[in-house]
Amino acid sequence: MTMRFNSRLPQFSRQRGFLNPNIAKFLAFSVLGLAIIGALIIAYALIFINPRLPSLDVITDYRPKIPLRIYSADNVLLGEFGEEKRSLVKLEAIPANVKNAVLAIEDYRFYQHGGIDYIGIARALATDLIKGHASQGASTITMQVARNVFLTKEKTFSRKLYEVLLANKIEATLSKDQILEVYMNQIYLGQRAFGFAAASRTYFGKDIKDVTLAQAAMLAGLPKAPSAYNPIVNPKRAHIRQQYILQRMLDLEYITQAQYDAAVKEDIQVRAPGNQYNVHAEYVNEMVRQMVYAQYKEDTYTHGITVTTTINAADQKAAYDAVRKGVMDYDRRHGYRGPEETIELPSGDDDRSQAIDDAMDDHPDNDDILAAVVVSADPKQIQAVIRSGDKITLSGDTLKFVAAALGPKAKKEIRIAPGAVIRVMQDTKKTWQIVQLPEVEATLVSVTPQNGAIRALVGGFDFTQNNFNHVTQAWRQPGSTFKPFIYSAALEKGFGPASIINDAPVSYPAGNGQPNWEPKDDDPPAGPMSMRTALQKSVNLVAIRTLDAIGVKYAQDFITSHFGFDVDKVPPYLPMALGAGQTTPLQLASAYAIFANGGYKINPYLITQIADARGKVLSKADPLIVGSNAPRAIDERNSYVMTSLLQSVAQRGTGARSNTLKRTDLAGKTGTTNDAMDGWFAGYQRTLATVVWMGYDQPKTLGSKEFGAQLALPIWVDYMGVALKGVPQFDMPAPAGIRFIDNEPYYDNFAPGDGFVASLGTDGGGVVDALSNFFGWSKNPNSETPAPSGSTGAPASAPAQVDREKLYQGH
């Protein structure tokens, strides 16, 4: 037994260090088989795949789909249109934190390997064999460039082989920096954003050069799965991945401990969808898009066309803010209309959160006006949840606006109870206030009088809520803002600021058996007054007498030919004096610009130039410029006198609220149409002509106590206060042909006693004689006013237009 054991011991010892022959043979054949397979794969790749690899021209001459981009005159990005949002930037323009964050999570050995991470590939293959299907990749940045530029994202062996060969070809052709630059510019990062510069604008509303370390880490988390780590859609998952990337950057010593500590605590504010730009210019952008598309069709959205507009970014922001504030102030004056909806609130926390989220989807936020769901309410306090999930509390004075909607006695249609969907916003002190989405609309357009450049344009309260552009598309009655054009026409017929015109009842035959037209003012007739006083107080009867005296047809011809109003929109009857025709805010601003610039015609324009992706200018504006190629529209004396009259309106008349700007070079006119359907203020300073309008899309009264002086003028003042900051005072010098008598300007060829119309409609009939002698008219024995040739009464179809302007000082 012993001998047998010992005899086998050496045999056992010899076999301890060697494989079983069968196993060895198996392994040998396996290695040989793998080598043969590898050789066949390499041969296949070299013979069949390598010649078919695409040219790298698509990278070396990189031309991705670049959207239409729209910039302000001062080079602020206002918006873009295209299937893909892209911003091509050089690698050196990308901050180190952004590059390091990407390298840390995607390919930290990028600058060491040759484009292929063989260890990673082996690990991925082993995992795939174990699981029995393709589940894991080991792509380097170079391989991702190969896949994203040339290949699909399907996980197949053949695609992976193509990817490896392409990566080798890319590494052999381009430098590492060039490869990284392509990657940083073309990788898809969600929200239609391609590349980190576009993603920075999309998610944070800032240029890539301005992102913080914390924001850089959040952006770096997107390439793996843009939908899963999208900070807008999935903020919690995006935050978790961002924290992991920051830790990786710390471990790799890309950042210091202090930088890490600060970054992990940073509260990142992500922009809501549709609000990726610092300046709200949605109506401007849509106007530009339509104009460019009309010329370049579908190339508009893919060829990187860049449009420079006339818009000034600071002015545009001021206009947007002023319109929003004016509309919200009006809305608050007219009471609370009730919640937008009341939903059922489940008792379970998860079900309740889901119900609130669903309600938020149906009621998106409107810029700073946020949707909120009430979870508790009584007359002293309201608690509500906003979209972020935060609970806010409203109490004290903020509840006064909705006091009638709280408590058991509140009417059902306005009652605020748990489940009510309300609107809230923070005031300047960060205190939450209850508000509501307004139903009224307002608009503002501001034009440079010297060349027609549009400096600011807000087409309505909110583009996403209503994309109808009221600046260019809304034809509305201008009310008393039209009176200056009547008086401008009268200046050429011998009238002047010192002309005395009777504010007394008057009656005009309407014809066809209709009762006489008897226009009225809100205030009782005040008797004879100067033209200056009449315009200051916006007296209707004086404007109508003046129009009747100079002739309706003459006035229509003069106003339409000199100021650019449409003939078919300016009715040839007496209510024209009260603004019974129609105009758009842009057309009205153009007309007022003629008064502001000394009497020259200008054409409003929005686009300065259009360039292609390489910066080549495709087209450039050729505007009419005062002092260069702009034709004269009215006599310079006319412009001077009308500015003098309209400055009186702004300082001492219905526009006196403009005095808060503490300038004496402002001129303008309020306007309120019949039944307060429209509220206007049209005014200017030498460098800026601005028109503001407020009204409902489906015309209805704005309120019996509402006038242009409190509807539109506050918006105008808020805007002009910003736009004119730093602009020096301008005192228009009197042109040749003007003479002053008792501080009032006169045309030198219409001096008192020499063609000047001293009075109209006053006792004694002297004015009739003067007018008859000057114009060759004959007297109308049935009226105390003359009947000039071409003058007509108001036809039966004319609206009994009563402009409701009265002496409203605006204090």
Side-chain angles (χ1 to χ4, degrees), residues 476-490 495 497 499-506 519-548 555 559 574-581 583 588 591-592 595 641-659 666-684 691-694 702 704-714 716-717 760-761 800-811:
R476 307 292 290 228
Q477 290 189 343
S480 285
T481 60
F482 200 75
K483 286 176 182 173
F485 306 108
I486 302 297
Y487 291 125
S488 174
F495 284 85
S499 296
I500 302 300
I501 306 164
N502 199 5
D503 176 22
V506 64
K520 292 178 173 60
D521 277 298
D522 278 358
D523 294 327
M529 63 180 64
S530 68
M531 179 189 288
R532 185 179 294 276
T533 300
L535 190 57
Q536 278 181 207
K537 296 184 177 183
S538 197
V539 179
N540 290 343
L541 294 174
V542 171
I544 293 167
R545 283 184 184 275
T546 303
L547 174 59
D548 187 42
I559 292 169
L574 290 174
M576 182 205 316
L578 308 181
T583 186
L588 190 62
Y592 270 80
F595 291 144
V641 172
M642 288 309 305
T643 294
S644 173
L645 287 168
L646 290 168
Q647 286 176 345
S648 293
V649 176
Q651 294 170 20
R652 298 181 293 280
T654 58
R657 188 168 184 158
S658 67
N659 287 323
L666 303 178
K669 183 71 187 73
T670 51
T672 315
T673 61
N674 193 35
D675 294 328
M677 299 285 191
D678 304 89
W680 296 83
F681 189 80
Y684 57 91
V691 168
V692 176
W693 166 87
M694 185 182 291
L702 290 159
S704 60
K705 296 181 180 180
E706 296 285 0
F707 299 89
Q710 64 197 105
L711 293 166
L713 180 54
W716 190 91
V717 169
L760 175 63
Q801 177 76 13
V802 178
D803 189 294
R804 303 173 61 258
E805 292 300 312
K806 58 182 178 181
L807 184 56
Y808 181 87
Q809 297 298 333
H811 300 301

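Position 1 is the first residue of the sequence; numbering continues from there.
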Legend entry - Spatial distance of atom OH (Tyr487) from atom NZ (Lys669) [nearest 0.5 Å]: 9.0 Å
Inset, instruction - Specify the closest pair of heavy atoms between Met694 and Leu702, including all atoms of both residues, with the distance to one decimal. - result: O-CD1, 3.6 Å
Legend entry - Least distance between heavy atoms, Ala580 atom then Gln477 atom: O-NE2, 3.3 Å
Inset, instruction - Might you point out which heavy atoms bring Gly579 and Pro478 nearest each other, and give the distance in Å? - result: O-CD, 3.3 Å
Legend entry - Name of the residue among Arg545, Lys483, Lys520 meeting side chain to side chain donor-acceptor pair (under 3.5 Å) with Asn540: Lys483
Inset, instruction - May I ask you to check whether Ser538 and Thr654 show a side-chain donor-acceptor distance below 3.5 Å? - result: no
Legend entry - Met529: partners by side-chain contact (heavy atoms from CB on, under 4.5 Å), with sequence neighbours left out: Asp503, Ala526, Thr533, Ala534, Val539, Val542
Inset, instruction - Evaluate the side-chain proximity of Lys537 to Asp521: yes if any heavy-atom separation is below 4.5 Å, no if none is. - result: no
Inset, instruction - Let me see the working for Met531 and Ile500 under side chain to side chain contact (heavy atoms under 4.5 Å, CB included), right down to the final yes or no. - result: CA-CA 6 Å; Met531 179 189 288; Ile500 302 300; over 6 Å; no
Legend entry - Approximate separation, where rounding is to 0.5 Å, of Leu711 CG and Thr672 OG1: 6.5 Å
Inset, instruction - State, to 0.1 Å, how close Pro497 and Ser530 come at their nearest heavy-atom pair, and which atoms those are. - result: O-CB, 3.5 Å
Legend entry - For the student: nearest non-hydrogen atoms of Thr546 and Ala490, plus distance: CG2-CB, 3.6 Å
Inset, instruction - First locate atom CE of Met642, then atom CG of Leu535, and finally report the distance between them rounded to the nearest 0.5 Å. - result: 6.0 Å
Inset, instruction - State which residues pass side-chain contact (heavy atoms from CB on, under 4.5 Å) with Ala682; sequence neighbours excluded, sorted by chain then number. - result: Thr481, Leu588, Tyr592, Val691
